[in-house]
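First up is the structure itself, then whatever we jot down about it.
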Amino acid sequence: MTKKQHYVPQFYLRNFTSDDNKLWVFDRVKKEYYRNAPKDICFEKFLYETPWEDANPKLGKYVLENQIEDYFAEKEGEYSSLLKKIIGICREPQNKNALICNAQEKRVLASFIANMFLRNPWSLKQIESDTIMEELKGNEEIEAIEQVLQLMEFGGMESLVKAANKKIWLTGEFNGERLAPDIQKLNYVILVSEKEQFVTSSFPVICELYDAEDGITMPKSIYAPIHPRISLLYNNTIPNNQRNRIRAVNEDISYRLNRIYLRRCKEQIKFIISKDKHLLKDVVEKDR
């Protein structure tokens, strides 16, 4: 049973660590700078677990404990391998005009972005993952099932519905990670700076959304750094001849992108994270 469940994966945070395997953190609530290891930041205990309510204690404390965490662990191996490949290509000067990802890797990359966005506590709160849909209340068939579950000492429907709701949103089953197909429709480039200029945060993926004519909310643009020198940028204003390629950026552009994190509320983004303390302080304290 994994108690410390990371909403920002450790493999991702390690890309922003120094030689001592630690990173610099600015706590926006406490207004403090400190050093931390990836394992000691961006986690909540039992974040993805759903407690059994009024159930037989033999069932354990949580519904299908560790199931979502195990799913994330399996996906993270695939994500980590792809990010290492992208970072390796982007750091070689001779690859500046190369196409970065093949079709399958584009799907994995979109899944990674969706995963990072949805698994965050702030996102879980927005989708109300721990609430019961009103249409389930008072339904005769649901009430009949609930009576059966109570006889089987499952404690009723509520715990199972909450656990299923999280699974629908957070895993690839039941058409989960529903953002991924929409992300794939956007053009993207890989922004690369000459030196280490990008910071990240406790909510690394910044997604701008819009409501389409059919009322469905769709992603408009997405920003996600993956390394102190490398960031992903999805946006349909990116020309097709630059799609899936490297675009060099200067210090002014990276600074403006870094400052996006400070424009989000502290409930969504509590920590700003960097490999370098001087860069972190520059982003947090200076307004150019």
Side-chain angles (χ1 to χ4, degrees), residues 2-45 47 69 72-92 100 108-109 112-113 115-117 119-122 190-206 222-233 246 249 251 254-255 257-262 264 266 268-286:
T2 304
K3 295 181 180 180
K4 294 169 66 172
Q5 299 183 346
H6 287 78
Y7 50 87
V8 180
Q10 293 183 69
F11 83 83
Y12 170 85
L13 291 172
R14 290 189 193 104
N15 291 336
F16 293 85
T17 57
S18 300
D19 294 337
D20 61 356
N21 297 318
K22 291 187 177 182
L23 33 75
W24 280 100
V25 179
F26 175 69
D27 187 319
R28 296 179 67 200
V29 176
K30 297 180 180 178
K31 297 183 179 180
E32 295 177 352
Y33 295 91
Y34 52 85
R35 296 281 276 162
N36 234 333
K39 67 182 179 67
D40 296 323
I41 193 173
C42 299
F43 73 88
E44 287 187 13
K45 290 185 177 180
L47 174 62
E69 180 71 11
F72 286 164
E74 182 179 343
K75 298 294 288 184
E76 285 170 11
E78 187 177 35
Y79 298 154
S80 179
S81 296
L82 178 56
L83 292 195
K84 285 179 181 176
K85 177 190 172 183
I86 293 172
I87 291 167
I89 292 173
C90 291
R91 297 190 70 177
E92 294 295 332
I100 307 300
V108 174
L109 194 60
F112 164 72
I113 295 293
N115 179 272
M116 293 275 278
F117 182 85
R119 68 191 288 176
N120 196 279
W122 183 85
I190 294 117
L191 307 178
V192 178
S193 64
E194 291 185 0
K195 60 181 182 178
E196 295 174 342
Q197 296 179 155
F198 292 114
V199 302
T200 187
S201 79
S202 51
F203 198 110
V205 175
I206 299 297
I222 297 169
Y223 169 70
I226 60 172
H227 182 272
R229 284 186 54 199
I230 303 164
S231 288
L232 305 173
L233 181 65
I246 293 171
V249 293
E251 188 175 350
S254 61
Y255 174 81
L257 290 170
N258 287 334
R259 293 278 293 184
I260 290 174
Y261 290 128
L262 295 172
R264 298 296 173 117
K266 294 174 184 177
Q268 181 181 13
I269 298 177
K270 181 180 179 182
F271 305 122
I272 310 295
I273 299 165
S274 177
K275 180 178 180 179
D276 181 78
K277 183 179 182 181
H278 297 293
L279 172 61
L280 184 60
K281 294 189 76 170
D282 183 58
V283 171
V284 172
E285 298 176 11
K286 295 183 180 179

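Given the structure is predicted, the values throughout are model-derived calculations rather than measurements. Just so it is clear, the values below take in all heavy atoms, side chains as well, and ignore hydrogens, waters and symmetry mates.
When side chains are defined from C-beta on, M116 counts as touching P9, because their heavy atoms get closer than 4.5 Å. Looking at heavy atoms from C-beta onward, C42 lies in side-chain contact with I273 at the 4.5 angstrom threshold.
Of the listed residues (D27, L23, V8), just one forms a side-chain contact (heavy atoms from CB on, under 4.5 Å) with F271, and that residue is D27.
Taking all atoms of both residues into account, the shortest heavy-atom contact from F16 to V199 is CE2-C, 4.3 Å. Residues N120 and S202 approach most closely at ND2-O, 2.9 Å, considering heavy atoms. Closest approach of H6 and D40 over heavy atoms only: NE2-N, 4.5 Å. Nearest heavy-atom pair across R14 and P38 is CG-CG, 4.0 Å. Taking all atoms of both residues into account, the shortest heavy-atom contact from L262 to R28 is O-NH2, 3.1 Å.
Relative orientation of the Y12 and F112 rings is tilted, given thresholds of 30° and 60° on the angle between their planes. Ring geometry, F203 versus F117: the interplanar angle exceeds 60°, so the pair is classed perpendicular (tilted spans 30 to 60°). Using cut-offs of 30° and 60° on the angle between ring planes, the pair F26 and Y33 is tilted.
A salt bridge links R119 with E76: the distance from a Lys NZ or Arg NE/NH1/NH2 to an Asp or Glu carboxylate oxygen falls below 4.0 Å.
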K195 vs E251, test: side-chain contact (heavy atoms from CB on, under 4.5 Å). Steps then yes/no.
CA-CA 9 Å; K195 60 181 182 178; E251 188 175 350; 4.1 Å; yes
Apply side-chain contact (heavy atoms from CB on, under 4.5 Å) to L232 and Y223, showing your working.
CA-CA 6 Å; L232 305 173; Y223 169 70; over 6 Å; no
If you apply the rule side-chain contact (heavy atoms from CB on, under 4.5 Å), what do you find for Y255 with D282, and how did you get there?
CA-CA 9 Å; Y255 174 81; D282 183 58; 4.0 Å; yes
Walk me through it: do Y79 and V108 pass the test side-chain contact (heavy atoms from CB on, under 4.5 Å)?
CA-CA 7 Å; Y79 298 154; V108 174; 3.9 Å; yes
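Atom-to-atom distance recorded for I206:CD1 and T200:OG1 is 9.0 Å, nearest 0.5 angstrom. Note: F198 CZ to S193 OG = 5.0 Å, rounded to the nearest 0.5 Å. Atom CG of residue N15 and atom CZ of residue R229 lie 13.0 Å apart, to the nearest 0.5 angstrom. The line from CG of L280 to NZ of K275 is 14.0 Å long, rounded to the nearest 0.5 Å. Note that the CG atom of L279 and the CD1 atom of I272 stand 11.0 Å from one another [nearest 0.5 Å]. Between R259 atom CZ and K286 atom NZ the span is 11.5 Å, to the nearest 0.5 Å.
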If you look only at distance, which donor and acceptor atoms sit under 3.5 Å apart when one is on a side chain in residues 83-91 and the other is two or more places apart or in another chain?
unit_1, atom_1, unit_2, atom_2, d
K85, NZ, E105, OE1, 2.9
K85, NZ, E105, OE2, 2.6

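A donor-acceptor contact shorter than 3.5 Å links the side chain of Q5 to the backbone of L47. Checking side-chain atoms of N115 against main-chain N and O of F72 turns up no donor-acceptor pair under 3.5 Å. Using modelled atom types, one side-chain atom of K4 and one backbone atom of K39 make a donor-acceptor pair closer than 3.5 Å.
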